[in-house]
Number of protein chains: 2
Amino acid sequence: MRLFLVDDHPVVRAGLVALLGGETDMEVVGEAAGGEEALRGIAAREPDVVLMDLQLGDGIDGVETTRRVRALPSPPQVLVLTTYETDADLMRAVDAGATGYLLKACPPEELFQGIRAAARGETVLSARVATRMMRRMREPGTALSAREVEILELLASGAGNREIARRLFITEATVKTHLVHIYGKLGVETRTAAVTAAVERRLIRLP
Amino acid sequence: MRLFLVDDHPVVRAGLVALLGGETDMEVVGEAAGGEEALRGIAAREPDVVLMDLQLGDGIDGVETTRRVRALPSPPQVLVLTTYETDADLMRAVDAGATGYLLKACPPEELFQGIRAAARGETVLSARVATRMMRRMREPGTALSAREVEILELLASGAGNREIARRLFITEATVKTHLVHIYGKLGVETRTAAVTAAVERRLIRLP
DNA sequence: CGGCGCATCAACCGATCGGTTGACCCCTGG
DNA sequence: CCAGGGGTCAACCGATCGGTTGATGCGCCG
């Protein structure tokens with residue numbers, strides 16, 4: 001089983017090499033610190049599974065790299081191995097064609113089994129990640145409308161209700177109504193908390 | 001040189017062991033995934049240098065662990081080795097008694113030299129971290145105090161003034177005074193705008 | 001057709017926030 | 001020594017925000 005590592009931390013790459021060296025059925029055939037380097041290396045070495053971090057430091061991130069890797073002819077499986085377990089990270093990774101999503105904090109044995117499962121094309125999720133997905137499924141009504149996202153973005157820019165109303169050509173009353181709905185869906189009570197909650201879930205992105 | 005590792009990621013610990021194994025003058029005498037475990041291990045093994053991550057997953061974080069380690073009789077040097085380079089993390093780590101602050105993304109050679117420097121009691125900073133500090137020095141009036149950063153972090157969590165006051169053991173009046181200063185330094189007029197400005201300038205990091 | 005969710009608006013009230021002025025303490029450095 | 005900066009607190013005021021109730025119109029879907 002040929003593996004390729006993509007992570008901007010030399011320490012993490014060394015750790016994976018060391019850990020995987022103990023498994024007789026796995027071999028690390030290449031590694032990369034950034035997206036561009038990864039694409040070149042993967043095209044050249046043709047691994048079976050790519051272990052991909054999402055935060056790569058330089059311009060092109062892990063999600064975009066995953067998308068391009070999966071667009072290669074006869075692409076390898078891509079197993080995301082990252083630090084965080086936000087909904088948006090997971091969704092975007094899956095959308096980009098990732099085969100699985102594991103956390104760096106997971107025990108090594110879970111990592112080994114995950115890699116073998118990914119090589120067989122099976123979807124593999126860390127226990128904590130799977131738990132989050134289940135909870136999302138069971139709690140509908142948390143999806144924000146397009147209008148509500150518009151409000152959130154102006155909110156994040158620090159605009160007051162009057163300013164938001166002016167920019168969207170509606171009245172303050174309407175803005176307040178939207179805000180109440182947003183607070184409810186995000187489970188917060190203040191505008192500031194709404195902004196941070198939205199950023200964490202990658203509903204909006206700070207400029 | 002006896003080293004002790006504190007990091008909640010098995011992969012990272014394995015990576016450090018593998019990397020440091022190549023250096024003849026270093027020896028990893030113990031490791032821990034969490035704060036409590038670290039304190040017990042360090043007291044027992046008496047290392048020269050502790051490599052400390054700031055995100056430990058469980059209740060007690062790296063900063064608090066560092067503070068307690070430095071409070072031990074004849075404490076080891078603590079070298080923070082983490083992923084981020086926000087002002088908040090750096091300032092709190094230094095305040096807690098850390099000898100240095102390196103990033104996991106740094107090249108291994110910088111890590112080795114940093115450990116040797118830390119063992120001699122010298123302060124060592126990653127190049128990117130040092131750059132940030134220099135810029136802070138050269139632009140006074142825009143630099144937030146440690147206390148102001150504390151306020152900002154609670155602000156970002158969506159806390160109201162009363163909640164901030166309660167958590168920091170001060171009165172609402174004091175919180176408001178700090179906020180006025182923060183608004184002035186960041187060039188904003190509302191708490192929400194202050195949070196986004198602070199995140200953009202990497203003064204704080206969203207949870 | 002009759003709900004249902006979304007978007008819009010109004011009026012009201014209490015709570016909170018933004019801004020100001022003034023004050024005290026502690027520490028550091030010229 | 002004392003000026004300066006940071007941290008703390010108080011009292012006050014107007015502006016804004018959070019929360020509520022109620023209402024209208026639109027499009028979708030069974």
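We name chains A, B, ... by the order of the sequence lines, and we start the count at 1 in each one. In this text the structure is predicted, and so the values were computed from the model without any measurement.
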Look at all strands and tell whether A/Thr174 reaches a base, only sugar-phosphate, or nothing, counting heavy atoms closer than 4.0 Å.
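Here A/Thr174 touches the bases of the nucleic acid.
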
Between atom [atom1] in [X] and atom [atom2] in [N], what is the gap in whole Å?
X: A/Leu179; N: C/dC6; atom1: CG; atom2: P; value: 16 Å
X: A/Ile164; N: C/dA7; atom1: CD1; atom2: C1'; value: 16 Å
X: A/Glu172; N: C/dA7; atom1: CD; atom2: P; value: 19 Å
X: B/Lys176; N: C/dT21; atom1: NZ; atom2: P; value: 14 Å

Name the one of A/His9, A/Arg13, A/Lys104 that satisfies side-chain hydrogen bond (donor to acceptor under 3.5 Å, both in side chains) with A/Asp53?
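Single side-chain hydrogen bond (donor to acceptor under 3.5 Å, both in side chains) partner of A/Asp53 among A/His9, A/Arg13, A/Lys104: A/Lys104.
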
Taking NZ, NE, NH1 and NH2 as the nitrogens, is one of them in A/Lys176 or A/Glu172 under 4.0 Å from a carboxylate oxygen of the other?
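No, no charged N to carboxylate O under 4.0 Å.
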
More 5' along DNA chain D: A/Thr177 or A/Arg162, using each one's nearest nucleotide?
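The residue mapped nearer the 5' terminus is A/Arg162.
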
Residue mapping more 5' on DNA chain D - nearest nucleotide basis, B/Ala173 or A/Glu189:
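It is B/Ala173, whose closest nucleotide lies nearer the 5' terminus.
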
Report yes if a side-chain nitrogen or oxygen of A/His178 is closer than 4.0 Å to either non-bridging phosphate oxygen (OP1 or OP2) of C/dT8; otherwise report no.
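Checking C/dT8 against A/His178, a side-chain N or O does come within under 4.0 Å of OP1 or OP2.
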
Report yes or no: do B/Thr174 and B/Thr171 form a side-chain donor-acceptor pair below 3.5 Å?
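Yes, B/Thr171 and B/Thr174 have a side-chain donor paired with an acceptor closer than 3.5 Å.
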
Inspect the surroundings of CZ in B/Arg2 and state if more than 12 heavy atoms from other residues, nucleotides or ligands are less than 6.0 Å away.
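Correct, the count exceeds 12.
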
Is A/Glu122 reaching over with its side chain to a backbone N or O of A/Ala118, donor-acceptor style, under 3.5 angstrom?
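Not a single qualifying donor-acceptor pair exists.
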
Backbone of B/Ala156 reached by a side-chain donor or acceptor of A/Thr196 within 3.5 Å
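Yes; at least one donor-acceptor contact below 3.5 Å.
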
How would you give the extent of chain B contacts on DNA chain D, as first and last nucleotide 5' to 3' within a 4.0 Å heavy-atom cut-off?
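Footprint of chain B along DNA chain D, 5' to 3': D/dG6 to D/dC12.
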
